[in-house]
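Presented below is the structure to which this report refers.
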Amino acid sequence: LPPSSVPNLLISTKPTEKYDRQLRLWGRNGQKALVESRVLLLGASCTGSETLKNIVLPGCGSITIVDDAIVDEGDVASNFFTRSSDIGRPRAEAVKEWMCEMNPDTQSSKHIVQSPSDYLTSRNGDFKDFTLVIATQLPSPILRELGKACTASGVPLLVVRTYGLIGYVRVVLPRKDHPIVQDHKM
């Protein structure tokens, strides 16, 4: 069922109720950081879409999805965020619509129909507009260039790649201190 067909009678519109589990997990400061986040997804494949979903559901502020692929039957078979009615549409657009429908609090989201490598070139290495960059299924030369650009911009990079049922996640943090601002004592 599409998310819009599910009645929202039991869904709370109060942020403190809607995000209660997250508030208990990482506190108000953590949730505030998530709500104010600006996430860039390079590659809206099934891997990228699933990764982004896990950031959108708890209350991500805004998303930008960059992908030049057009939805085809392979996407419909492997990506939960595309449907047969999306065939022939830009994959970035289809995935963005589903993400925003899952969590309407994801503000000012957009999609860009451009290859991630061309987008990287067009940014001239500047990713300061984002608080997190997620790169999925990209070739190593592009990842090296992206890693340098994100480090220079002071933006964390999350690299996710899958090969069938196996995969890896790599986190590239900018060279600066990462203090724990608020800890939870038991």
Side-chain angles (χ1 to χ4, degrees), residues 21-22 25-27 29-69 74-75 77-82 91-92 94-96 98-99 102-103 106 109-184:
R21 290 186 343 181
Q22 290 86 267
L25 181 63
W26 48 64
N29 290 337
Q31 188 64 29
K32 181 177 183 283
L34 187 59
V35 167
E36 293 173 354
S37 67
R38 299 170 316 279
V39 178
L40 170 65
L41 172 66
L42 298 171
S45 65
C46 54
T47 303
S49 299
E50 284 295 324
T51 304
L52 188 60
K53 171 201 71 168
N54 292 321
I55 296 174
V56 167
L57 282 176
C60 169
S62 82
I63 56 173
T64 300
I65 301 174
V66 176
D67 191 304
D68 63 343
D75 289 312
S78 64
N79 190 335
F80 287 118
F81 300 99
T82 60
R91 186 166 62 185
V95 170
K96 182 206 69 162
W98 283 98
M99 293 293 165
M102 275 191 326
N103 192 343
T106 301
S109 299
K110 63 181 180 176
H111 69 279
I112 298 170
V113 180
Q114 186 176 26
S115 75
S117 61
D118 289 346
Y119 185 76
L120 175 61
T121 302
S122 73
R123 298 288 305 186
N124 292 321
D126 182 14
F127 288 90
K128 292 177 183 164
D129 294 347
F130 303 102
T131 55
L132 175 66
V133 175
I134 303 169
T136 61
Q137 307 302 99
L138 297 180
S140 294
I142 294 172
L143 288 175
R144 281 192 291 276
E145 188 178 339
L146 181 61
K148 290 176 187 174
C150 286
T151 299
S153 297
V155 177
L157 170 63
L158 181 66
V159 177
V160 184
R161 187 163 188 90
T162 55
Y163 305 93
L165 296 176
I166 63 170
Y168 71 85
V169 175
R170 178 173 294 152
V171 179
V172 180
L173 297 174
R175 292 188 174 101
K176 61 182 178 180
D177 293 333
H178 297 280
I180 297 173
V181 177
Q182 179 180 12
D183 64 352
H184 298 279

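Atoms considered below: every heavy atom in the structure, side chains included; atoms not considered: hydrogens, waters and symmetry mates.
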#### Entry: From Lys110 atom NZ to Leu40 atom CG, the distance as rounded to the nearest 0.5 Å
9.5 Å

### Task
Would you name the heavy atoms of Pro156 and Gly154 that are closest together and state the gap between them?
CD-O, 4.1 Å

### Message
side-chain contact (heavy atoms from CB on, under 4.5 Å), that's the test. Do Leu146 and Tyr119 meet it? Break it down for me.
### Response
CA-CA 10 Å; Leu146 181 61; Tyr119 185 76; over 6 Å; no

### Query
Does a donor on one side chain sit under 3.5 Å from an acceptor on the other, for Thr47 and Thr136?
no

### Message
Return the CG to SG distance between Leu132 and Cys150, rounded to the nearest 0.5 Å.
### Response
8.5 Å

### Sidechain-backbone polar pair: Asn103 side chain, Met99 backbone, donor-acceptor under 3.5 Å
no

#### Entry: For Glu36, all residues meeting salt bridge (charged side-chain N to carboxylate O under 4.0 Å, His left out), sequence neighbours excluded
Lys32

### Query
Hey, does the side chain of Arg161 reach the backbone of Gly167 with a donor-acceptor pair shorter than 3.5 angstrom?
no

### Message
Tell me if a side-chain donor or acceptor on Asp67 pairs with a main-chain N or O of Arg91 at a distance below 3.5 Å.
### Response
no

## Note on the structure
Separation between CD1 (Ile134) and CG (Leu52), nearest 0.5 Å, reads 5.5 Å

#### Entry: Where Val39 and Phe130 come nearest, the two heavy atoms and their spacing
C-CD2, 4.2 Å

### Query
Is there a donor-acceptor contact under 3.5 Å from the side chain of Asp129 to the main chain of Arg38?
no

### Task
Applying side-chain contact (heavy atoms from CB on, under 4.5 Å), run through Leu42 and Val133 and close with a yes or a no.
CA-CA 8 Å; Leu42 298 171; Val133 175; 4.0 Å; yes

### Task
May I ask you to check whether Thr82 and Asp75 show a side-chain donor-acceptor distance below 3.5 Å?
no

### Query
With the threshold set at 4.0 Å, does a side-chain nitrogen-carboxylate oxygen contact exist between Glu145 and Lys148?
no

#### Entry: Under the salt bridge (charged side-chain N to carboxylate O under 4.0 Å, His left out) test, residues paired with Asp118 that sit two or more places apart
none

### Message
For Val159, is there any backbone N or O sitting under 3.5 Å from a side-chain donor or acceptor partner on Arg170?
### Response
no

### Minimum heavy-atom distance between Leu157 and Gly147, given as atom pair plus value
CD2-CA, 3.7 Å

### Message
Between Ser37 and Leu34 (side chain of the first, backbone of the second, donor and acceptor by atom type, cut-off under 3.5 Å), is there such a pair?
### Response
yes

#### Entry: Ala44 to Ile65 - nearest heavy-atom pair and separation
CB-CG2, 3.7 Å

### Message
On a heavy-atom basis, which atom in Pro116 and which in Gly43 lie closest, and how many Å separate them?
### Response
CG-N, 4.1 Å

### Qualifying residue for side-chain contact (heavy atoms from CB on, under 4.5 Å) with Lys53, from Thr51, Leu57, Ile55
Leu57

### Message
So which atom in Ser117 and which in Ile142 form the shortest heavy-atom distance, rounded to 0.1 Å?
### Response
CB-CD1, 3.4 Å

